[in-house]
Amino acid sequence: MRMSRYFLPVLKETPAEAQIASHRLMLRAGMVRQAAAGIYSWMPLGYRVLKRIEDIVNQEQIRAGHIPLLMPTLQSASLWRESGRYDDYGEEMLRIKDRHGRDLLYGPTNEELITDIFRSHVNSYRDLPLTLYHVQWKFRDEIRPRYGVMRGREFLMKDGYNFDVDKASAIHSYNRHMVSYLRTYERMGLQAIPMRADTGPIGGDYSHEFLVLADTGESEVFFDNSILELNLDGREIDFDSEASCRAIVDEWTEPYSRTDETHDESLFETTVPEVRRRKSRAIEVGQIFYFGTKYSEPMGATVADSEGRRVPVHMGSHGIGVSRLVGAIIEASHDEKGIVWPEPVAPFPVGILNLSQRDSNAEAVCLSICRDLEAKGLEPLYDDREERAGAKFATMDLIGLPWRIVVGSRGLAKGAVELTRRIDGESETIAPEHAAERIAEIYAAY
RNA sequence: CGGGGCGUGGCGCAGCUUGGUAGCGCGGCGGUUUUGGGAACCGCAGGUCGUUGGUUCAAAUCCAAUCGCCCCGACCA
């Protein structure tokens, strides 16, 4: 993509409303524009990142055996009256009337809808287990939205729902989700720690939240430092195997890790050696629940078991804050110059800076590198603007592409271009004809 | 919802106390000179001063109402 033809409205100055790094940087990098309090338009660059994250979420869901569908944003109040949550949910739920005076709501979550779908079409234990999910916009009318997309009112969320014939099977679904979530975050370059959580308004017995450490996080967390050493590191996982999922869950839930809601100071002190006790702020980026028959009973979601008896299904729900992750990743990965995208979620894999825009040779070299990259399925962002070097560097640093290739007549005289890594500024000189190959090698690891 | 603050060109702000026909920096457009870390100069364009009503010869400025946004708190993925 030629920057001169792209739409990238970057800001040199910081808009006054931005309080935290991710919000400030998303506005400055032209990723989002606020449309109303807590509601944002996603500009092209931000949209690309959002899609990258959504893609990873989808891939990992499908890998775990979960099935995508798409439910509406607007829902009829009647199902919510059936579950009893129309009144319980409170002011946070945006209520709307249509022209006939019927009560609608902009869904803050989808348990009712999914349960309705399930009960209409699934009747036998033979159809279980089943996990359905979607990635859809939600609305929660927060009293005070803030921190940009980190706590907006409208947000994109992956929410999934598992249906199992009994508790044991539902617990496996719970474990499978935990493992799949760990994989998902790890692929985005994030270290997300599962922590025992309150079940909140959704209800139920089992719940873990996934938290990313960041000074600006809204939660206070307490954990055993040893949990930071855990990683999946691409290990093979059999999501159908209860034992294999449970082993990973055990590994991650063995070290103490809790949010302030569930923190137990004396347990913390007696079970974790002092040198490993850590306290931090963190951002919640996902949560999983097992809630048994909370919705299936009142809503009549039952299946015939192997003896022909109708039993309510055991359910769980699971959420990943897709739009929030964009902010969370920036909180976890930025410096004074701008964003530092991890490769898997970067809006473009590499930026090409032409520092000698009027040198036709430099232009030809840049275009040739672009073609080579595109042939390998990598789309670079080519800064071909009539700008001075400083402005190009500053823009590239701000938008945080993980790699940049600098092409200038000075280097070309020696037959070289410069390849630089955003995170640490480490660079190497390389022949232009090898540049694309080098980038492809780097990205092959992701 | 309680407390505080702010709405002036795309962004950041001054002007308001003490009414007199709107200004600065950045950005944009044209030109010249520049050209490896946010260039310099010249010129130009762009503003119903959030909105409505009131006071006044005259309102960005004073008064009232209203809308929007931000911060602290309670609430939350």
Side-chain angles (χ1 to χ4, degrees), chain A residues 9-20 23-24 27-28 30 33-39 89-93 107-110 135-159 181 192 197-202 207-212 217-219 259 261 282-289 317-328 337-338 353-359 362 383 385-398 404-414 416-418 420 425 427 429:
Chain A
V10 299
L11 266 29
K12 203 180 232 179
E13 289 169 289
T14 302
E17 72 265 24
Q19 303 295 312
I20 62 170
H23 190 195
R24 193 170 65 233
L27 291 171
R28 285 198 52 213
R33 176 175 168 81
Q34 180 166 310
I39 300 175
Y89 221 95
E91 292 290 302
E92 208 174 281
M93 185 157 74
T109 177
N110 288 63
V135 178
Q136 177 62 290
W137 292 93
K138 305 289 190 292
F139 194 91
R140 292 187 193 169
D141 198 1
E142 298 284 343
I143 296 167
R144 186 154 81 88
R146 61 183 122 174
Y147 304 147
V149 301
M150 296 262 289
R151 197 161 145 206
R153 293 193 293 172
E154 188 185 49
F155 56 98
L156 187 63
M157 179 175 167
K158 170 260 157 185
D159 49 321
Y181 275 30
D198 263 358
T199 49
I202 293 173
S207 182
H208 278 86
E209 292 178 332
F210 293 79
L211 291 114
V212 173
E218 75 278 54
S219 310
T259 65
E261 291 170 343
I283 301 163
E284 190 192 333
V285 293
Q287 187 162 12
I288 56 176
F289 299 89
S317 72
H318 333 88
I320 292 179
V322 175
S323 51
R324 162 176 275 207
L325 271 167
V326 179
K337 292 178 187 165
L353 270 65
N354 186 347
L355 298 190
S356 309
Q357 200 59 51
R358 298 202 172 144
D359 173 344
D383 190 346
R385 295 173 302 161
E386 290 282 346
E387 285 288 348
R388 297 168 60 93
K392 293 194 178 189
F393 282 121
T395 298
M396 200 53 74
D397 288 341
L398 174 63
R404 75 164 188 235
I405 296 170
V406 171
V407 177
S409 32
R410 188 192 292 177
L412 287 180
K414 290 178 276 184
V417 297
E418 182 188 57
T420 305
S427 68
T429 52

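Here is the naming used below: chain letters follow the sequence lines, and residue numbers restart at 1 for every chain.
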Just list the side-chain donor-acceptor pairs under 3.5 Å for residues 142-150 of chain A, sequence neighbours left out, or say none.
from, atom 1, to, atom 2, distance (Å)
A:Glu142, OE1, A:Arg151, NH2, 3.4

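Taking A:Lys337 as the reference, A:Asp335, A:Asp397, A:Arg422 meet the side chain to side chain contact (heavy atoms under 4.5 Å, CB included) condition, with sequence neighbours excluded. Partners of A:Leu11 according to the side chain to side chain contact (heavy atoms under 4.5 Å, CB included) rule, which considers only residues two or more places apart in sequence or in another chain, are A:Pro15, A:Arg28. A:Ser219 pairs by the side chain to side chain contact (heavy atoms under 4.5 Å, CB included) definition with A:Leu211, A:Val221, not counting sequence neighbours. Qualifying ring pair (Phe, Tyr, Trp, His ring centres under 6.0 Å) partners for A:Tyr181, counting only residues two or more places apart in sequence or in other chains: A:Phe210. With sequence neighbours excluded, no residue forms a side chain to side chain contact (heavy atoms under 4.5 Å, CB included) with A:Arg388. For A:His23, there are no ring pair (Phe, Tyr, Trp, His ring centres under 6.0 Å) partners, not counting sequence neighbours. Annotation: side chain to side chain donor-acceptor pair (under 3.5 Å) contacts of A:Glu418 (sequence neighbours excluded): none. Looking at residues two or more places apart in sequence or on another chain, you find no side chain to side chain donor-acceptor pair (under 3.5 Å) involving A:Arg404.
If A:Val149 and A:Leu398 are placed on RNA chain B by their nearest nucleotide, the residue sitting closer to the 5' end is A:Leu398. For A:Arg324 and A:Ser356, each mapped to the nucleotide of RNA chain B holding its nearest heavy atom, the one lying further toward the 5' end belongs to A:Ser356.
A:Ala394 comes within 4.0 angstrom of a nucleotide base, judged by non-hydrogen atoms across all strands. Contacts of A:Gly319 with the nucleic acid, taken as non-hydrogen atoms under 4.0 Å apart, are absent. Residue A:Gly390 is in sugar-phosphate contact alone, with no base atom involved, counting any heavy-atom pair closer than 4.0 Å across all strands shown. If you check every strand for non-hydrogen atoms under 4.0 Å, A:Gly411 touches a base. Counting any heavy atom pair closer than 4.0 Å across all strands shown, A:Thr14 reaches sugar-phosphate atoms only and no base atom. Here A:Arg28 lies in heavy-atom contact (under 4.0 Å) with a base. Residue A:Val406 is in base contact, counting any heavy-atom pair closer than 4.0 Å across all strands shown. Residue-level contact check: A:Glu92 touches the backbone only, with heavy atoms under 4.0 Å from sugar-phosphate atoms and none from bases.
Remark: B:G25 base-pairs with B:C11; criterion is Watson-Crick or G-U wobble with both hydrogen-bond distances under 3.5 Å. With a cut-off of 3.5 Å on both pairing distances, the Watson-Crick or G-U wobble partner of B:U32 is B:A40. The partner of B:G73 is B:C1, by the rule that a Watson-Crick or G-U pair needs both atom distances under 3.5 Å. B:C57 is paired with B:G20 under the criterion used here, namely a Watson-Crick or G-U wobble arrangement in which both key atom distances are under 3.5 Å.
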Using nucleotides 41-46 of chain B, report all nitrogen or oxygen pairs with the protein that are shorter than 3.5 Å.
none

Strictly under 3.5 Å: I want the nitrogen or oxygen pairs between protein and nucleotides 70-74 of chain B, one per line.
from, atom 1, to, atom 2, distance (Å)
B:C70, OP1, A:Gln34, OE1, 3.4
B:C70, OP1, A:Gln34, NE2, 3.4
B:C71, OP2, A:Arg144, NH1, 3.4
B:C72, OP2, A:Arg144, NH1, 2.9
B:C72, OP2, A:Arg144, NH2, 2.7
B:C72, OP2, A:Arg146, NH1, 3.3

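Here A:Gln136 contributes atom CD and A:Asp159 contributes atom CG; the two are 8.5 Å apart, rounded to the nearest 0.5 Å. To the nearest 0.5 Å, atoms CD1 (A:Ile20) and CD1 (A:Ile283) are separated by 7.0 Å.
Counting only distance, with no hydrogens or angles, the side chain of A:Lys158 and the backbone of A:Val322 share no donor-acceptor pair below 3.5 Å.
On a pure distance criterion of 3.5 Å, no polar donor-acceptor pair joins the side chain of A:Arg404 and the base of B:G36.
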A:Leu412 and A:Val407: side chain to side chain contact (heavy atoms under 4.5 Å, CB included), yes or no, with the steps? CA-CA 7 Å; A:Leu412 287 180; A:Val407 177; 3.9 Å; yes
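When the nucleotides B:G37, B:A77, B:G38 are ranked by their closest atom to the side chain of A:Phe155, B:A77 comes out on top. Proximity note for A:Pro15 (side chain, C-beta onward) versus B:G36, B:C11, B:G38: the nearest is B:C11. Set against B:G37, B:G12, B:C76, the side chain of A:Glu142 has B:C76 as its closest nucleotide.
The separation of B:G43 from B:U35, taken at their C1' atoms, amounts to 23 Å, rounded to a whole angstrom. B:G50 and B:A60 have their C1' atoms separated by 12 Å, given to the nearest Å. Taking atom C1' on both nucleotides, B:C29 is separated from B:C71 by 38 Å, rounded to a whole Å.
A distance cut-off of 5.5 Å between ring centres, combined with a plane angle under 30°, leaves A:Phe393 outside any stacking arrangement with the base of B:G38.
Straight-line distance from the CD atom of A:Gln357 to the P atom of B:G36: 13 Å, rounded to whole Å. Following rounding to the nearest Å, A:Asn354 (CG) and B:U35 (C1') show an atom-to-atom distance of 12 Å.
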Each nucleotide of nucleotides 26-34 of chain B classed B (base within 4.0 Å of a protein heavy atom), S (only sugar-phosphate) or -, in 5' to 3' order, makes BS------B
